[in-house]
There are 2 protein chains.
Amino acid sequence: MNLKKLSEILGLSQTTVSRALNGYPEVNEETRIRVQAAATKHGYRPNSRAKGLATGRSMVIGHVIPFSSQHEMVNPIFGDFVAGAARTYAQNNYDMMFTHAPDTSVEDSYRSLFNRGVVDGVVLQGPKVNEPRISALSQMGVPFIVHGRSTGADVPYDWIDVNNQRSFERATQFLIDLGHRRIALINGLEEMDFAQRRRNGYVSALKHSGIEIAPELLRSAEMTEIYGHQTACDMLDLGDPPTAILASSIISAVGVRRALENRGLKMGRDISVIAHDDELSYMRNGIDVPIFTATRSSVRHAGELAAEMLIGRINAPNDPPKTRLLEAELVVGSSTGPAPQRM
Amino acid sequence: MNLKKLSEILGLSQTTVSRALNGYPEVNEETRIRVQAAATKHGYRPNSRAKGLATGRSMVIGHVIPFSSQHEMVNPIFGDFVAGAARTYAQNNYDMMFTHAPDTSVEDSYRSLFNRGVVDGVVLQGPKVNEPRISALSQMGVPFIVHGRSTGADVPYDWIDVNNQRSFERATQFLIDLGHRRIALINGLEEMDFAQRRRNGYVSALKHSGIEIAPELLRSAEMTEIYGHQTACDMLDLGDPPTAILASSIISAVGVRRALENRGLKMGRDISVIAHDDELSYMRNGIDVPIFTATRSSVRHAGELAAEMLIGRINAPNDPPKTRLLEAELVVGSSTGPAPQRM
DNA sequence: CCGCAACTTGAAAGCGCTTTGAATGCTATG
DNA sequence: CATAGCATTCAAAGCGCTTTCAAGTTGCGG
């Protein structure tokens, strides 16, 4: 069933039928009702390719999920972020296109999606420091939004981010206030912008209290459970092990917990742990009482907001750049406590 | 840059340029080279909407991820499955469209994607028992593949699945062989087909050994960490607690482990745990030595295969249905051991 | 009754591509 | 030398929609 057939059935022109269905004012209300009835009756759905050709808009948003060529890691926050975004898209009649590309060719993926007219805009996730994709997209003239920010990107751009620096500064301060001095940071990949900011927050809090940075307590890698476990084991084996650990994700915090438990250490008593909690739906940080003391910020909500901002940008390409900085909550659970007294 | 401009630049007709670029034989080899050079030089990318309109194919595959309206849960395996599929799509020049719909309107989402000509085929994930979407898709004439199967679906269809029944039967038998009699099953949502099959495997192994089914040791819900934790706690509070637990996902197994450790129980000694391991990239079950004894089957690989099968179906709509049953490995870690002697 | 505005409707062009059917120039054949 | 056959190329139609421009109807004031 297409426009032509439908209009023949109705004895109307394609023009009128199209207008009736798209809510144009110049069509008689009676006709409109008749057309709509026929459309539903015959299950007519405008072909979106044809529509796109005619309007020059695809009503599709592109997401390119990079994976590091070595690890083939899928970012665990991806599912929830996308779920949030998808919700907004659905409300605005956008579809969502999705590509998975090795990080070496992400830029090409964007270019391809946009130049082929597949998408009207794209979401850039997981920006690195000096992210080259940002200026590339900017030059191409693709409407885009960055989930996160990129230190060193020299063009203005839309972004939505969590205040990573402040939240890790607060978390670190919280541990310092509890008497901790040996505080470890199990961070995400060094080149990621968020990891850098978190480290800055951590460093700044320590400095502020006159605590020296201990390089052996600073690690960064992809935030898997295994990594959390391994790193915690390594650090506990140090002559002067940490009394508190900051973990950049709840997933690696789970690994940390496993390491502690293997050694019979109790979280909150023997050692304190704070995790960053993206509120992943399958790994909630407790229901009533948080499992981990955590810096909390819903990545699903970020997805919703990112989608809104991007749609806004598509509709108003010349507006000045918009940015949005979300503050993470610091929620206190039972994984933190006063620093144990050294004998 | 479009075909028209490009052909003008080259002083050729659109026909020839199109043919040259698409590898048709009737074009002079010299011309072809000249055309290709110009195309790359000017960054020409055929508009895929126009191409789709002309060919009647969109070169897009649709995934509709349902979420239960109550929970808004994103299936944690989603990311890795999609990563696998995306890889295959990329190799075959397909793009991937993605919709997130409440489970009440998933069918409409498929219908919409297909009828609007957005996709050439779809992937159906998370089938329930008597999954109505299967016959719906079948009637609509959409090429599709099911990740999983649906007991009670009365039309033939393509599917790829893990032998859930056998793998849980083996896992249960493994525990029985270790002397366990009180074996719990912390399963996925009851209405999911995979959960039913896993239970069947579990029940069948128990029956085979003459062990009575204990309803208090059988639970099903969405496979979150919290759920694993809560259920394990409940079961440990029983007068006659289980000595072994089967968990339907590694995520809920992590919750189980947390419950055990809270109570000072040691996995493998005080209580045995077997998990199903989808090989999620951010939650690997150990590197050298498995953390959990597990039934293992890579969901990413399943995604790759599913995508291949679907593309095959699109290219040969009238072939007889194809199915593929993967066997899960049973890998032994340190989370299982002989049943502790009762005093 | 005429003219004009307000409503409605329609014909046709155009979005960028593929593909059919026809045309062109050349070489090989009888 | 006429013709068939081949290798190349092209003009134009068509995919299903939107949208411009034009036209037909009505109703109302003058």
Side-chain angles (χ1 to χ4, degrees), chain A residues 1-36 38-39 42-60 93-95 111-120 315, chain B residues 1-36 38-39 42-60 93-95 112-120:
Chain A
M1 177 57 55
N2 55 23
L3 228 211
K4 193 174 174 193
K5 279 189 203 154
L6 186 65
S7 54
E8 277 166 7
I9 290 175
L10 282 159
L12 289 167
S13 72
Q14 298 189 30
T15 312
T16 306
V17 176
S18 169
R19 283 189 184 136
L21 259 20
N22 288 308
Y24 281 75
E26 64 268 60
V27 43
N28 187 315
E29 207 49 40
E30 232 170 80
T31 329
R32 186 194 304 282
I33 290 169
R34 203 160 62 89
V35 170
Q36 279 168 339
H42 295 92
Y44 169 72
R45 301 294 212 121
N47 182 302
S48 71
R49 271 179 271 127
K51 192 162 185 161
L53 237 206
T55 58
R57 283 187 155 217
S58 62
M59 297 306 283
V60 175
N93 290 314
Y94 275 88
D95 287 317
R111 198 180 301 279
S112 164
L113 283 180
F114 189 67
N115 285 350
R116 291 182 302 142
V118 176
V119 302
D120 291 337
N315 293 328
Chain B
M1 177 54 58
N2 56 24
L3 229 209
K4 195 174 174 192
K5 281 189 201 152
L6 185 65
S7 53
E8 277 166 9
I9 290 175
L10 282 159
L12 288 168
S13 73
Q14 298 189 30
T15 313
T16 305
V17 176
S18 169
R19 283 191 182 135
L21 259 20
N22 288 308
Y24 281 75
E26 63 268 61
V27 43
N28 188 318
E29 207 50 38
E30 227 171 84
T31 331
R32 186 191 306 282
I33 290 168
R34 203 161 60 88
V35 170
Q36 280 168 339
H42 295 92
Y44 169 70
R45 301 295 213 122
N47 181 301
S48 73
R49 272 180 267 127
K51 192 163 188 162
L53 236 205
T55 59
R57 281 189 155 216
S58 63
M59 298 305 282
V60 175
N93 290 314
Y94 275 89
D95 288 317
S112 164
L113 283 180
F114 190 67
N115 285 350
R116 290 182 301 144
V118 176
V119 302
D120 291 337

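Within every chain, numbering begins at 1; the chains are lettered A, B, ... in the order of the sequence lines, protein sequences first and strands thereafter.
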Close residues, residues 3-11 of chain A, relative to DNA chain D [heavy-atom separation under 4.0 Å]: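 Hits under 4.0 Å, by residue number: L3(A).
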Strand contacts (DNA chain C) in residues 45-56 of chain A, 4.0 angstrom heavy-atom criterion: L53(A), A54(A)
Indicate the atoms forming the closest heavy-atom contact of [X] with [Y], along with that distance.
| X | Y | answer |
| --- | --- | --- |
| Y44(B) | L3(B) | CE1-N, 3.4 Å |
| A39(B) | L21(B) | CB-CD1, 4.2 Å |
| R49(A) | L53(B) | NH1-N, 3.6 Å |
| D120(A) | M59(A) | OD2-N, 2.7 Å |
| S7(B) | Q14(B) | OG-CG, 3.5 Å |
| S48(B) | V118(A) | OG-CG2, 3.1 Å |

Pair R32(A) + E29(A): basic N to acidic O under 4.0 Å: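 Salt bridge: yes.
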Roughly how many Å is it from [atom1] in [X] to [atom2] in [N], rounded to a whole number?
| X | N | atom1 | atom2 | answer |
| --- | --- | --- | --- | --- |
| L12(B) | dT9(D) | CG | P | 7 Å |
| N28(B) | dC10(D) | CG | C1' | 15 Å |
| L21(A) | dT19(D) | CG | C1' | 16 Å |

Short side-chain N/O contact to dA11(D) OP1/OP2 from T15(B), under 4.0 Å: no
Phosphate-side-chain proximity, S13(B) and dC10(D), N/O vs OP1/OP2 below 4.0 Å: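 Yes.
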Opening and closing nucleotides of DNA chain C in contact with chain B, under 4.0 Å to non-hydrogen atoms: dG16(C) to dG21(C)
Pair T16(B)-V35(B), side chain to side chain contact (heavy atoms under 4.5 Å, CB included): steps then yes or no: CA-CA 9 Å; T16(B) 305; V35(B) 170; 5.5 Å; no
Backbone of Y24(A) reached by a side-chain donor or acceptor of N22(A) within 3.5 Å: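 Checking the backbone N and O of Y24(A) against the side chain of N22(A), no donor-acceptor pair under 3.5 Å is found.
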Distance, nearest 0.5 Å, that separates CG of N2(B) from CZ of R45(B):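 One finds 15.0 Å between CG of N2(B) and CZ of R45(B).
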Distance (rounded to the nearest 0.5 Å) between L6(B) CG and S18(B) OG: 10.5 Å
Within residues 10-27 of chain A or reaching into it, pairs that qualify as salt bridge (charged side-chain N to carboxylate O under 4.0 Å, His left out) - sequence neighbours excluded: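 Sorted result for residues 10-27 of chain A: R19(A)-E26(A).
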Side chain to side chain contact (heavy atoms under 4.5 Å, CB included) between D95(A) and L113(B), worked out: CA-CA 9 Å; D95(A) 287 317; L113(B) 283 180; 4.3 Å; yes
Full working for side chain to side chain contact (heavy atoms under 4.5 Å, CB included) between K4(B) and E8(B): CA-CA 6 Å; K4(B) 195 174 174 192; E8(B) 277 166 9; 3.9 Å; yes
Provide a list of protein-nucleic acid N or O atom pairs under 3.5 angstrom, restricted to nucleotides 21-23 of chain D.
residue	atom	partner	partner atom	Å
dC21(D)	N4	R19(A)	NH2	3.4

Axis-to-axis angle between the two ends of the helix from dC1(C)-dG30(D) to dG30(C)-dC1(D) (five base pairs per end, rounded to 10 degrees): 70°
